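What you see is a predicted model; the values in this text were computed from it and never measured. Heavy atoms only: backbone and side chains are in, while hydrogens, waters and symmetry mates are out. Just so it is clear: chains get the letters A, B, ... in the order the sequence lines come, proteins before strands, and each one is counted from 1.
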Amino acid sequence: MNARKRAKPKAAPPADDALVVIRGLAFYRGERAIFDGVDLTIPRGRVTAIMGPSGSGKTTLLKLIGGQLRPDAGTIEVDGQDVHRLSRDGLYALRKRMGMLFQSGALLTDLDVFENVAYPLREHTGLPEAIIRDIVLMKLEAVGLRGARKLGARELSGGMARRVALARAIALDPMMILYDEPFTGQDPISLATLVKLIRELNDIIGLTSVVVSHDVAETAAIADYVYVLSGARVVGKGTPAALARTRSRWVRQFMEGLPDGPVPFHYPASDYVEDLMAGEEG
Amino acid sequence: MIELLRRLGRGAIGFFERLGRAHLFLARVLWGLGELYSRPGLVVAQLWSLGVLSLLIILVSGLFVGMVLGLQGYNTLVDFGAEESLGVLVALSLVRELGPVVSALLFAGRAGSALTAEIGLMKATEQLAGMEMMAVDPLRRVAGPRFLAGWLSLPLLAAIFSAMGVLGGYFVGVGLLGVDDGAFWSQMQSKVDLRDDVLNGVIKSIVFGFVVTWIAVFEGYDCVPTSEGVGRATTRTVVHSALAVLGLDFVLTALMFNEG
């Protein structure tokens with residue numbers, strides 16, 4: 001809780017200091033539009049939250065930024081580079097400067113904690129073992145798990161796995177970290193720890209953080225700027241304080257957790273009475 | 001009728017699309033194999049889990065298949081007074097056919113299914129996506145070493161299977177049924193040709209190793225990342241591998257041993 005109190009969102013960023021610029025983004029799964037003309041700017045050095053109900057495409061957006069998915073239209077620029085026009089080597093070079101924290105942690109289950117954090121260092125640097133050891137211990141110390149370095153990935157709780165994954169994500173000192181639902185399924189202690197770590201790592205290391213989440217209170221506590229996605233587009237944006245005052249029905253439904261509204265309680269279906277009277281035909 | 005045609009068309013497109021994906025996958029895996037020279041440890045670890053850990057089932061199965069061959073062969077040959085040719089019968093059956101084919105089927109069931117399940121679960125738990133986001137190509141780090149290790153393992157396992165089979169035939173034929181020891185080995189030595197029989201058997205097992213491991217690795221990599229998807233992919237690995245091995249065995253046998 002203290003961590004949340006300490007988290008003080010910064011003022012709105014200047015528009016020209018953008019690390020990620022998304023323009024006219026369209027992405028479809030079959031006939032269904034996940035994004036339809038989305039414009040979004042992620043400022044450098046800040047914590048930007050992407051919020052929205054389940055199925056609104058938040059994780060998909062992270063995969064598009066990371067170049068794991070290709071948009072049907074529009075552009076995504078990261079640090080001035082169009083992600084989807086890069087060669088494979090160019091994309092991999094860019095990814096070395098990004099970290100991503102997956103919802104599951106995505107730790108390599110055949111490696112222990114130390115080796116998981118050392119993995120990107122061994123793959124991408126020719127550093128001697130003694131230096132790799134020091135870096136790994138520093139990263140683990142930053143997430144409070146230096147003492148757990150010999151544990152196997154399978155022995156970790158959900159919260160510990162995410163902290164190890166966070167240590168791995170910062171192993172190469174990236175410019176940006178993408179967090180995919182970091183708070184889902186966490187107990188209050190793990191949750192508070194993650195909230196604290198995301199904010200502190202952002203400020204101390206000078207990262208840019210993109211947090212995808214539907215946990216309103218936790219995300220709003222650490223975010224400098226929030227985008228709310230729904231219905232394949234951005235339905236709200238602003239600082240957490242500004243969004244709390246908005247009149248947008250979309251945003252209010254999401255921020256206040258209302259069961260019905262622009263996002264309907266019922267999945268689209270034919271007339272209820274007709275459906276019941278249809279007997280076994282349907 | 002139109003619906004039937006539509007389904008057939010959709011099925012055919014899906015089949016060829018997947019076939020194309022499998023070949024692109026193979027090309028990318030083969031292209032990345034060169035990097036493994038600098039990372040031999042990755043291949044050695046997989047040789048252990050795919051090859052060494054498959055030894056037990058290969059040893060035991062080879063022994064029993066050889067023993068059955070010895071029994072069946074003796075019962076047939078003894079009617080013609082040719083039981084001293086038992087060694088030839090056992091050895092030729094094993095090195096030409098049973099060694100490569102049965103080893104490949106066992107390998108698909110033991111190592112192929114494990115490969116598919118392992119890679120499929122890595123996909124389902126986002127480990128492959130995590131590697132991609134760390135700028136590590138999973139095709140080179142995960143698929144490549146497993147493919148090479150599986151490909152190398154099967155010919156060796158098939159050779160061990162055949163050797164155990166010959167020993168099994170020897171125990172039954174010479175040890176239990178009284179076939180002459182010297183005749184068993186000397187006839188085998190004079191009739192089994194290194195090039196026509198042994199080398200062709202080795203070529204078969206190299207082809208089977210390539211195909212079975214390709215199927216197993218691709219199925220894991222291409223599976224739907226859910227528990228059901230991994231289960232289906234594992235089943236497909238065993239079924240497709242078995243069909244491919246048996247179909248290819250016929251083609252290779254026709255090419256190698258057709259003297260007409």
Chemist: Checking heavy atoms, do the side chain of A:Leu107, its backbone, both or neither come under 4.5 Å from chain B?
Modeler: backbone
Chemist: If you take all heavy atoms of A:Arg88 and B:Asp137, which pair is closest and at what distance?
Modeler: NH2-OD2, 2.8 Å
Chemist: Any side-chain heavy-atom pair from A:Tyr119 and B:Val136 closer than 4.5 angstrom?
Modeler: yes
Chemist: Relative to chain A, which of B:Met122, B:Met131, B:Arg141 shows the most heavy atom pairs under 4.5 Å?
Modeler: B:Arg141
Chemist: If you count heavy-atom pairs under 4.5 Å between each of A:Arg168, A:Gln103, A:Met98 and chain B, which one has the most?
Modeler: A:Arg168
Chemist: If you count heavy atoms of other groups shown closer than 6.0 angstrom to CZ of A:Arg146, is the number above 12?
Modeler: no
Chemist: Distance-only, no hydrogens or angles: does the A:Gln68 side chain make a donor-acceptor pair with backbone N or O of B:Ala129 under 3.5 Å?
Modeler: yes
Chemist: Give a yes or no on whether A:Arg133 atom CZ has more than 12 heavy-atom contacts from other residues, nucleotides or ligands under 6.0 Å away.
Modeler: no
Chemist: Can you name the nearest heavy-atom pair linking A:Leu108 to B:Gln127, along with the distance?
Modeler: CA-OE1, 3.3 Å
Chemist: Of all heavy-atom pairs between A:Lys96 and B:Ala135, which one has the smallest distance, and what is that distance?
Modeler: CG-CB, 3.7 Å
Chemist: Could you go step by step and tell me if B:Met134 and A:Met100 meet the side chain to side chain contact (heavy atoms under 4.5 Å, CB included) rule?
Modeler: CA-CA 8 Å; B:Met134 284 188 280; A:Met100 181 157 174; over 6 Å; no
Chemist: When rounded to the nearest 0.5 angstrom, what is the spacing between CD in B:Glu126 and OG1 in A:Thr59?
Modeler: 8.0 Å
Chemist: Do you know which of A:Pro120, A:Ser104, A:Ala165, A:Pro174 has the most heavy-atom pairs under 4.5 Å to chain B?
Modeler: A:Ser104
Chemist: So that I can tick it off, tell me whether A:Glu123 and B:Arg39 are bridged by a salt bridge, with the cut-off set at under 4.0 angstrom between side-chain N and carboxylate O.
Modeler: yes
Chemist: Give me the atom names and distance for the closest heavy-atom approach of B:Gly130 to A:Ala106.
Modeler: CA-CB, 4.5 Å
